[in-house]
Number of protein chains: 2
Amino acid sequence: MFVNQVHNGGMETLDNAAPAADTCCTPGAGPVIDEQEAQRKARILKAFADPKRLQLLSIIKAGDSAETCVCNLTEPLELGQPTVSHHLKILVDAGFLTRRRRGTWAYYSLVPGALESAAAELVDL
Amino acid sequence: MFVNQVHNGGMETLDNAAPAADTCCTPGAGPVIDEQEAQRKARILKAFADPKRLQLLSIIKAGDSAETCVCNLTEPLELGQPTVSHHLKILVDAGFLTRRRRGTWAYYSLVPGALESAAAELVDL
DNA sequence: CTCGTGCATTGATGGATGTCGATACAAGGA
DNA sequence: TCCTTGTATCGACATCCATCAATGCACGAG
């Protein structure tokens, strides 16, 4: 099924005289992340890859008491309340926000150091 | 149309005796990124939010000569050649890879400091 | 207990995106 | 010149995702 690695189909004249005429480059033997690790990192980074979620994090980060309820988030984002709750759930599941109910209101706050660790995942992949 | 900010519908007994019985929280007056800036950051981060692209970057980063051709990328990712070219184009357009043709082969290399600047976009949003 | 309010969940839908097969382009060799 | 090989692009398809309207749930007030 796979016919990728057939670079020289029966080439006999090469032997070892030609230095590297038909090899494109050395494959590189350094450590490479596997598929599972790549999926884990991608799942984390996907939580940030949305403009509305970035604005959510920015607003919550700029909050005075480091706690923000949903009613203060629907208006500046120009989104419906269900959509805001949806984005907040994604950020909570990704481990970047914590949710705390007080009365009928739900307050969200940043998890300390979560952004920094996510950024570290990017640099040393 | 918008009926969000009508928290107290004709509440007269509150005056200023009750501290903050029906206000959920202070809106927070800190600086917040606008929609345009959020879209710019999201476009950058979206380039990373894919496991195959993360593996691509990892392989290229681990390459000895810091240059890798496409033929060395299709096999470890278990993807077809058009798909690999598609991902590479996304990473080039995002400014994280540079492309250089030598003969019939195309070599890709990491842009120095690109990952670090992208990580910085995450921390100080 | 009933009502009202803030928030979460569900179902549906339009748009974005990853993947592949087919094809076109570029460059070197016969 | 024609042919071969590596790469990029195109068209199509399947899936994912952001969004909304409708509904359900939790909690406080009366």
Side-chain angles (χ1 to χ4, degrees), chain A residues 1-11 13-14 18 21-25 38-39 42-43 46-56 68-75 77-93 97 99-108, chain B residues 1-11 13-14 18 21-25 38-39 42-43 46-56 68-75 77-94 99-108:
Chain A
M1 187 78 80
F2 275 22
V3 275
N4 278 337
Q5 65 276 24
V6 207
H7 280 163
N8 46 359
M11 173 85 76
T13 64
L14 136 67
D22 64 337
T23 64
C24 48
C25 56
Q39 286 183 352
R43 206 154 31 84
K46 216 176 290 237
F48 291 103
D50 184 276
K52 299 296 187 180
R53 285 198 285 271
L54 290 176
Q55 284 188 281
L56 272 177
T68 314
C69 68
V70 179
C71 62
N72 282 345
L73 296 172
T74 55
E75 186 182 353
L77 265 63
E78 297 179 350
L79 285 180
Q81 173 264 320
T83 306
V84 174
S85 276
H86 169 68
H87 286 310
L88 287 171
K89 178 178 177 55
I90 289 178
L91 290 172
V92 168
D93 290 347
L97 291 182
R99 178 176 171 273
R100 172 189 169 198
R101 287 200 75 124
R102 195 160 50 189
T104 53
W105 293 293
Y107 293 82
Y108 287 87
Chain B
M1 187 78 77
F2 275 24
V3 275
N4 279 336
Q5 65 277 23
V6 207
H7 282 162
N8 47 357
M11 174 86 76
T13 66
L14 136 67
D22 64 340
T23 64
C24 47
C25 57
Q39 286 182 351
R43 206 155 29 86
K46 217 176 289 238
F48 291 103
D50 183 275
K52 299 295 187 182
R53 285 197 287 270
L54 290 176
Q55 284 188 281
L56 273 177
T68 313
C69 68
V70 181
C71 60
N72 282 345
L73 297 172
T74 55
E75 187 183 350
L77 265 64
E78 296 180 349
L79 284 180
Q81 174 265 322
T83 306
V84 174
S85 277
H86 169 67
H87 285 311
L88 287 171
K89 178 177 176 55
I90 290 178
L91 290 171
V92 168
D93 291 347
R99 178 177 171 274
R100 172 189 169 198
R101 285 200 77 125
R102 195 162 49 190
T104 52
W105 292 292
Y107 292 82
Y108 287 87

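Computed from a prediction, not measured in an experiment: that's the story for all the values here. First the proteins, then the strands, lettered A, B, ... as listed; each starts at 1.
Listed here is the closest heavy atom pair of B:P51 and A:A38: O-CB, 3.5 Å. The two atoms that bring A:Q81 and A:T74 nearest to each other are CA-CG2, 3.8 Å, heavy atoms only. Nearest heavy-atom pair, A:R99 versus A:A106, reported as atom, atom and distance to 0.1 Å: NE-CB, 4.3 Å.
When the nucleotides D:dC20, C:dC7, D:dA18 are ranked by their closest atom to the side chain of A:D50, D:dA18 comes out on top.
Taking the nucleotide of DNA chain D with the nearest heavy atom to each of A:G80 and B:V70, the more 5' of the two is matched to B:V70. Mapping A:R101 and B:T83 onto DNA chain D by nearest heavy atom places B:T83 at the nucleotide closer to the 5' end. Toward the 5′ end of DNA chain C lies the nearest nucleotide of A:V84, the other residue of the pair A:V84 and B:P82 mapping further downstream.
The nearest whole Å value for the distance from the CG atom in B:N72 to the C1' atom in D:dG6 is 12 Å. Atoms CG (A:L88) and P (C:dC7) sit 10 Å apart, rounded to a whole Å. Atom pair B:I90:CD1 and D:dT9:P shows a separation of 12 Å (rounding to whole Å applied). Put simply, CH2 on A:W105 is 14 Å from C1' on D:dA26, counting in whole angstrom units. Regarding A:K46, its NZ atom lies at a distance of 9 Å from the C1' atom of C:dG18, rounded to whole Å. The interatomic distance linking A:K89 (NZ) with D:dT19 (C1') rounds to 17 Å, in whole Å. The distance from atom CZ of A:R43 to atom P of D:dC16 is 15 Å, rounded to the nearest whole Å. One interatomic measurement links the two molecules: CD of B:Q81 to C1' of D:dT7, which rounds to 5 Å at whole-angstrom precision.
Proximity of B:T104 to the phosphate of D:dG6: no side-chain N or O atom is located under 4.0 Å from OP1 or OP2. Residue B:H86 places none of its side-chain N or O atoms closer than 4.0 Å to OP1 or OP2 of D:dC10. In this structure, B:H87 reaches the C:dT19 phosphate: one of its side-chain N or O atoms is under 4.0 Å from OP1 or OP2. Distances shorter than 4.0 Å separate some side-chain N or O of A:R99 from OP1 or OP2 on C:dA8. A:Y108 has a side-chain polar atom (N or O) that falls below the 4.0 Å cut-off from OP1 or OP2 of C:dA8.
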Could you go step by step and tell me if A:L88 and A:L73 meet the side chain to side chain contact (heavy atoms under 4.5 Å, CB included) rule? CA-CA 10 Å; A:L88 287 171; A:L73 296 172; 4.1 Å; yes

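Nucleic acid contact class of A:R53 (heavy atoms, under 4.0 Å, all strands): sugar-phosphate only.
Expressed to the nearest 0.5 Å, how far CD of A:Q55 lies from CG of A:L79 amounts to 8.5 Å.
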